[in-house]
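Worksheet: one structure, shown below.
Please read all numbers here as calculations on a predicted model, not as lab measurements.
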Amino acid sequence: MKESKPSIYVKKILPILLKNRVVHFVGFGNRLSFDPIPFQLQRLRCRCNFHALRFVHKIQETGALLVERLQGHMPHLSPLQDNLLGHFAGKSIPSGNRNESSKYLAVHLRFEIDMVAYSMCYFGGGKDEEEELEMYRQIHFPALTEIKRTTKLPSAAFLRSEGKCPLAPEEAVLMLAAIGFKRRTSIYIAGAEIYGGRHRMAAISRLYPALVTKETLLSPSELEPFRNFSSQLAALDFIACASADAFAMTDPGSQFSSLVQGYRMYYGGGDLPTLRPNKRRLASILVKNATIEWKEFETRVNKLIQQTKQVHERPIARSIFRHPRCPECMCRTDN
């Protein structure tokens, strides 16, 4: 069961493990509760997540290649790179499509069609968009379609005002520009195919021409071993985002973004900033973007981001993987 007590594992899971001698992880879920858990068990959980778990060699090797091309040099030896890349960290690899800049911002644009359809939000595409997303929901989210048919759901406008809608690329670019990222900033875009394709990406591509993805940095032959495995492609994105000089997420509820944040918090020592916007507050600013002066927009967005960057210890019952800042997890990170 989700968030089970440690005693359940001792009674039910341990006998199976002792019998079969192997564990197969299926997906990711908080199956063990976070609080109250004995200090040493939480500490063991942290060491497993941030030290013991490693990517397989083919992901480490290609991840090192990706980071080298982003940074313009071999990944520096550090606890973070050692964990992500293993013995490929600091190893010379053919440069290929190397990025000229040594610093880059990684952005996780969670705006794939599944996210857009499931959100029940409206993104300005008119009747064509509404029909396309409804057809997608009928195929992939039949339960949601049935709920929509039988229950009065909140309007798209209300969902947006509550911060329930994923940020579209054109909204994300406004946020980045307001924070102060200049046109010359090198940006790595993580994620699968963006809903709306090039048309949706036009604004961010125009403002930030030094925009790259794993598909533009790696050759088709280098990507081929991962092409039919979405989780392995996500692992490459994870390495690029965790290694970035700065990381921005557009959906704080995203599992991927939250886990990247946790790694950067654990290994960064305060030197790996993560931008995690409060979508509800950001929505209240964006809804006025047709009338608000740019200077006021900048001020309000920067104030919002500063508020989310305040350092807090992990709240009770929150995920240690996403927020490892607590004594049992951050007491030692070097062994």
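- Remark: the backbone N or O of Ala117 is paired with a side-chain donor or acceptor of Arg137 at under 3.5 angstrom.
- Heavy atoms of other residues, nucleotides or ligands lying less than 6.0 angstrom from CZ of Arg198 number 12 at most.
- Of all the heavy atoms in Ala242 and Leu84, the pair that sits closest is CB-CD1, 3.8 Å.
- Closest of all the heavy-atom pairs between Gly191 and Asp237 is N-OD2, 3.0 Å.
- To the nearest 0.5 Å, the span separating CG on Leu259 from SG on Cys241 amounts to 11.5 Å.
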Item to check | Evaluation steps, side-chain contact (heavy atoms from CB on, under 4.5 Å), between Glu313 and His323 | outcome: CA-CA 8 Å; Glu313 191 167 295; His323 200 120; 6.0 Å; no
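- Side chain of Ser243 to backbone of Ala240: no donor-acceptor contact under 3.5 angstrom is found.
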Next on the checklist: Please evaluate residues Glu328 and Arg47 with respect to the criterion salt bridge (Lys or Arg N to Asp or Glu O under 4.0 Å), reporting the C-alpha separation (whole Å), side-chain torsions for both, the decisive distance (0.1 Å), and the verdict.
Outcome noted: CA-CA 10 Å; Glu328 59 266 42; Arg47 290 182 62 77; over 6 Å; no
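- Using a 4.5 Å heavy-atom threshold, the side chains of Cys326 and Ile320 count as touching.
- At least one donor-acceptor pair closer than 3.5 Å links the side chain of Asn278 to the backbone N or O of Arg280.
- In this structure, Tyr188 and Tyr104 have perpendicular ring planes: the angle between them is above 60°, well past the 30° mark.
- Results of the salt bridge (charged side-chain N to carboxylate O under 4.0 Å, His left out) test with Arg200 over Glu112, Glu170, Glu193 single out Glu170 as the only residue that passes.
- Side chains of Arg45 and Gln42: a donor-acceptor N/O pair is present below 3.5 angstrom, by distance only.
- Side chain of Lys279 to backbone of Cys165: a donor-acceptor contact under 3.5 angstrom is found.
- Not less than 6.0 angstrom separates the ring centroid of Tyr263 from the ring centroid of Phe321.
- The shortest distance between side-chain heavy atoms of Val116 and Met120 does not fall below 4.5 Å.
- Here the side chain of Gln138 pairs no donor or acceptor atom with the backbone of Met135 at under 3.5 angstrom.
- Side chains of Arg276 and Gln261: a donor on one and an acceptor on the other come within 3.5 Å.
- For the residue pair Glu132/Tyr195, the side-chain donor-acceptor check at 3.5 Å is satisfied.
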Next on the checklist: Is there a side-chain contact (heavy atoms from CB on, under 4.5 Å) between Val212 and Ile187? Walk through the geometry before answering.
Outcome noted: CA-CA 6 Å; Val212 295; Ile187 296 182; over 6 Å; no
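- Between Phe181 and Leu105, some side-chain heavy-atom pair lies under the 4.5 Å cut-off.
- The cluster map of Ile, Leu, Val, Met, Phe, Trp and Tyr, joined by side-chain heavy atoms under 4.5 Å apart, puts Phe158 and Val287 in different clusters.
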Item to check | Stepwise salt bridge (Lys or Arg N to Asp or Glu O under 4.0 Å) check, Glu146 with Arg149 | outcome: CA-CA 5 Å; Glu146 181 62 20; Arg149 188 180 67 82; 2.6 Å; yes
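- A distance-only check finds no donor-acceptor pair linking the side chain of Ser205 to the backbone of Ala202 [under 3.5 Å].
- Annotation: side chain of Ser78 is not in contact with side chain of Tyr267 (no heavy-atom distance under 4.5 Å).
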Next on the checklist: Pair Gln255, Ser258 - check side-chain hydrogen bond (donor to acceptor under 3.5 Å, both in side chains), show working.
Outcome noted: CA-CA 5 Å; Gln255 180 175 273; Ser258 295; over 6 Å; no
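- Heavy atoms of other residues, nucleotides or ligands lying less than 6.0 angstrom from OH of Tyr118 number 12 at most.
- By the neighbour-count criterion of 12 heavy atoms within 6.0 Å, atom CZ of Arg318 is sparsely surrounded, having that number or fewer from other residues, nucleotides or ligands.
- Put simply, the side chain of Thr151 never gets that close to the backbone of Leu153: no donor and acceptor are under 3.5 Å apart.
- In this structure, CD on Glu171 lies 9.5 Å from OG1 on Thr250, to the nearest 0.5 angstrom.
- Although no hydrogens or angles enter the test, the distance criterion places a donor-acceptor pair under 3.5 Å between the side chain of Arg160 and the main chain of Tyr122.
- Thr145 is listed as a side-chain neighbour of Glu134, based on a closest heavy-atom distance under 4.5 Å.
- At a threshold of 4.5 Å between side-chain heavy atoms, the hydrophobic network of Ile, Leu, Val, Met, Phe, Trp and Tyr places Phe238 and Met265 in two separate groups.
- Leu66 has its side chain out of reach of Thr62: every pair of non-hydrogen atoms, C-beta onward, lies at least 4.5 Å apart.
- In this structure, a donor-acceptor pair under 3.5 Å is present between the side chains of Gln232 and Lys58.
- The two atoms that bring Ser257 and Met249 nearest to each other are OG-CB, 3.5 Å, heavy atoms only.
- Defined by atom type and a distance below 3.5 Å, a donor-acceptor pair is present between the side-chain atoms of Arg264 and Thr274.
- Under the disulfide (SG to SG under 2.5 Å) criterion, Cys46 pairs with Cys329, not counting sequence neighbours.
- Taking both residues in full, the closest heavy atoms of Ala248 and Leu176 are given as CB-CD2, 4.2 Å, listed atom of the first, atom of the second, then distance.
- Here the closest heavy-atom approach between residue Asn83 and residue Leu53 is recorded as ND2-O, 3.9 Å.
- There is no path of hydrophobic side-chain contacts, each under 4.5 Å, that joins Ile8 to Leu14.
- The backbone N or O of Leu167 sits nowhere less than 3.5 Å from a side-chain atom of Asp251 that would complete a donor-acceptor pair.
- Of the possible donor and acceptor atoms, one in the side chain of Glu129 sits under 3.5 Å from a partner among the backbone N and O of Phe123.
- Ion pairing between a basic and an acidic side chain is recognised when a charged N comes within 4.0 Å of a carboxylate O; Glu224 and Arg227 show such pairing.
- Side-chain atoms of Met115 and Pro166, non-hydrogen and from C-beta on, do get closer than 4.5 Å to each other.
- Counting only heavy atoms from C-beta outward, the side chains of Leu275 and Phe247 never approach each other to under 4.5 Å.
- Heavy atoms only, all atoms of each residue included: Ala210 and Arg184 are closest at CB-O, 4.4 Å.
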Checklist entry - Which is it for Thr216 and Leu211 under the side-chain contact (heavy atoms from CB on, under 4.5 Å) test, yes or no, and what are the steps along the way? => result CA-CA 9 Å; Thr216 60; Leu211 187 148; over 6 Å; no
Item to check | Stepwise side-chain contact (heavy atoms from CB on, under 4.5 Å) check, Leu304 with Met175 | outcome: CA-CA 10 Å; Leu304 179 152; Met175 180 184 74; over 6 Å; no
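- The hydrophobic clustering, which links ILVMFWY residues whose side-chain heavy atoms are closer than 4.5 Å, places Phe39 and Ile316 apart.
- Distance check: Leu218 CG to Thr213 OG1 gives 8.5 Å after rounding to the nearest 0.5 Å.
- The aromatic rings of Phe50 and Tyr266 lie parallel to each other, their planes meeting at an angle below 30°, with 60° marking the opposite boundary.
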Item to check | Steps toward salt bridge (Lys or Arg N to Asp or Glu O under 4.0 Å) verdict (Arg69, Glu222) | outcome: CA-CA 13 Å; Arg69 289 176 182 172; Glu222 290 165 342; 2.8 Å; yes
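- In the hydrophobic cluster analysis, where Ile, Leu, Val, Met, Phe, Trp and Tyr join through side-chain heavy atoms closer than 4.5 angstrom, Leu44 is grouped apart from Val10.
- Interatomic distance, CZ of Phe88 versus CD of Glu61, reported as 4.5 Å (0.5 Å rounding).
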